[in-house]
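In what follows, every heavy atom counts, from backbone to side chain, and hydrogens, waters and symmetry copies are set aside.
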Amino acid sequence: MKILILGAGKMGSFFIDLLSFDHEVAVFEKDPRRLRFTYNCQRFQTLDEVSQFQPELVINAVTVKYTIPAFEEVLPHLPKDCIISDIASVKTGLKEWYEQAGHPFVSTHPMFGPTFANLNQLSEENAIIITEGDYMGRIFFKDLYSRLGLNIYEYTFEEHDKTVAYSLSIPFVSTFVFAAVMKHQDAPGTTFKRHMRIAKGVLNEDDYLLQEILFNPYTHDQVAQIRTELKQLLDIIDRKDADDMKQYLTKIRNNVRRDIPIER
């Protein structure tokens, strides 16, 4: 298959490496510095080159802020039957845009990124495939993600946005609170250092991505839960109520046990 990847950033380069030995892959990237570390693919910097390539599938891997603008730039240069796809973690506006684009489409979300994930060992990572899209496009990504050992979930656009509001906004906001109140430690403990690494990784993300995740219409209720829990915990601390604290710790330990296997 002839595959065009938009953007040679971290995820774009990941998909180039992943696909280039089984498919004819090209990358469209305007920043020549990012093309220095791509290999085994054709490297395009003009739309004329895109037109000549005649891709069968486009994977949009640009920064989330530019997902739709990147599509609109290349769309006139694609064959009518070319499948267009995105891997954006924020799907705001994409469903409506796809419906008027005039191309078969598929939307997926690899629920991992270069900041924290080991891209060579992804068996504990997840991916979402949006059910509203081209059947053959969904099959392509399902096969691809299966070969990576990812756990695959199929959601609608709305279900995806609800999942992201929970799985990203809560840890992001918790990290923001940690970063907002932290002070420099000359001799930090292990837990502090781990939180610091997470904070630096999250805050290294694109500002627009962080903004759009927090502006997700489903985020407010998730963040409000944090406020409710903090209020309850602060009340227990103020009252120094050992019994209530024990009950609270039991509750949150049970939550963790249900969702995340404890490493030993």
Side-chain angles (χ1 to χ4, degrees), residues 5-7 9-12 14-15 18 57-72 83-101 103-117 119 122-175 202 205-226 259-260:
I5 295 173
L6 305 181
K10 292 178 179 178
M11 288 304 289
F14 170 71
F15 275 92
L18 184 63
L57 170 68
V58 170
I59 300 176
N60 191 335
V62 304
T63 304
V64 65
K65 181 178 182 179
Y66 300 108
T67 299
I68 291 178
F71 272 141
E72 292 178 337
I83 301 172
I84 55 177
S85 71
D86 75 275
I87 57 169
S89 52
V90 175
K91 306 294 186 186
T92 306
L94 275 171
K95 178 181 179 180
E96 295 76 15
W97 187 87
Y98 277 133
E99 288 172 348
Q100 57 79 46
H103 278 262
F105 71 89
V106 58
S107 184
T108 74
H109 180 187
M111 297 285 284
F112 58 88
T115 302
F116 295 117
L119 298 182
L122 296 172
S123 60
E124 295 183 0
E125 304 293 346
N126 304 315
I128 293 174
I129 297 176
I130 303 299
T131 56
E132 300 148 280
D134 180 76
Y135 173 76
M136 293 307 298
R138 299 201 313 271
I139 291 298
F140 174 86
F141 279 98
K142 192 169 186 177
D143 289 345
L144 179 65
Y145 292 155
S146 294
R147 285 193 282 113
L148 290 174
L150 293 168
N151 302 296
I152 301 170
Y153 300 89
E154 298 187 62
Y155 295 154
T156 64
F157 277 107
E158 182 179 13
E159 290 168 339
H160 168 271
D161 288 349
K162 289 180 178 179
T163 298
V164 167
Y166 171 74
S167 65
L168 292 183
S169 65
I170 286 182
F172 279 17
V173 169
S174 300
T175 299
V202 169
E205 295 285 2
D206 178 76
D207 285 359
Y208 184 84
L209 171 64
L210 297 174
Q211 169 188 297
E212 288 303 294
I213 287 171
L214 295 181
F215 289 174
N216 180 324
Y218 301 103
T219 293
H220 175 273
D221 290 347
Q222 300 296 338
V223 176
Q225 289 185 52
I226 297 177
D259 283 352
I260 304 173

Nearest 0.5 Å please: distance from the OG1 atom of Thr175 over to the CG atom of Leu210. 10.0 Å
Do Ile87 and Phe15 have side-chain heavy atoms sitting under 4.5 Å apart? yes
Should Thr219 and Phe215 count as side-chain neighbours, where that means a heavy-atom distance under 4.5 Å? no
Reported CG-to-OG distance for the pair Asp134 and Ser107, which is rounded to 0.5 angstrom: 12.5 Å
Determine, step by step, whether Val173 and Leu214 satisfy the side chain to side chain contact (heavy atoms under 4.5 Å, CB included) criterion, reporting the C-alpha distance in whole Å, the side-chain angles of both residues, the deciding distance to 0.1 Å, and the verdict. CA-CA 8 Å; Val173 169; Leu214 295 181; 3.6 Å; yes
Heavy-atom closest contact (Gly7 atom, Ala61 atom, distance): O-CB, 4.4 Å
Would you mind reporting whether Leu150 and Phe112 have side-chain heavy atoms less than 4.5 Å apart? yes
In sequence, state the C-alpha distance, the side-chain angles, and the governing distance for Phe140 and Val106, and then conclude on side chain to side chain contact (heavy atoms under 4.5 Å, CB included). CA-CA 10 Å; Phe140 174 86; Val106 58; over 6 Å; no
State, to 0.1 Å, how close Pro69 and Lys65 come at their nearest heavy-atom pair, and which atoms those are. CD-O, 4.0 Å
Only one of Lys91, His109, Glu132 forms a side-chain hydrogen bond (donor to acceptor under 3.5 Å, both in side chains) with His160, so which one is it? His109
Would you give the length of the straight line joining atom CD of Gln222 to atom CZ of Phe172, rounded to the nearest 0.5 angstrom? 14.0 Å
When rounded to the nearest 0.5 Å, the distance separating CD1 of Ile130 from OH of Tyr155 is 10.0 Å
Hey, would you say the Tyr208 and Tyr66 ring centroids sit under 6.0 Å apart? no
Closest non-hydrogen contact found for Leu168 with Ile213 is CD1-CD1, 3.6 Å
Can you tell if the side chain of Ile152 reaches within under 4.5 Å of the side chain of Phe141, non-hydrogen atoms only? no
Starting at OG1 of Thr92, measure out to CZ of Phe157 and round the result to the nearest 0.5 Å. 11.0 Å
Separation of Thr63 OG1 from Leu209 CG (nearest 0.5 Å): 9.0 Å
Would you say the side chain of Leu94 lies within less than 4.5 Å of the side chain of Ile68, judging by non-hydrogen atoms? yes
So, Tyr145 and Thr108: side-chain donor and acceptor under 3.5 Å apart, yes or no? yes
Between the side chain of Asn60 and the main-chain N/O of Thr67, is any donor-acceptor distance below 3.5 Å? yes
Using modelled atom types only, decide if a donor and an acceptor are shared between the side chain of Gln100 and the backbone of Trp97 within a distance under 3.5 Å. yes
Is the count of non-hydrogen atoms from other residues, nucleotides or ligands lying under 6.0 Å from Asp207 atom CG greater than 12? no
Main-chain N/O of Phe105 paired to Ser85 side chain as donor or acceptor, under 3.5 Å: no
Do Asp206 side-chain atoms and Val64 backbone N/O form a donor-acceptor pair below 3.5 Å? no
Passes salt bridge (Lys or Arg N to Asp or Glu O under 4.0 Å), Glu158 versus Lys95? Steps please. CA-CA 9 Å; Glu158 182 179 13; Lys95 178 181 179 180; over 6 Å; no
Whether Arg138 side chain and Ile129 backbone form a donor-acceptor pair below 3.5 Å: no
Exam field: side chain Thr163 to backbone Glu159, donor-acceptor pair closer than 3.5 Å: yes
Determine yes or no for a side-chain-to-main-chain donor-acceptor pair under 3.5 angstrom, with Asn151 supplying the side chain and Glu125 the backbone. yes
Any heavy-atom pair between the side chains of Val90 and Val164 that's under 4.5 Å? no
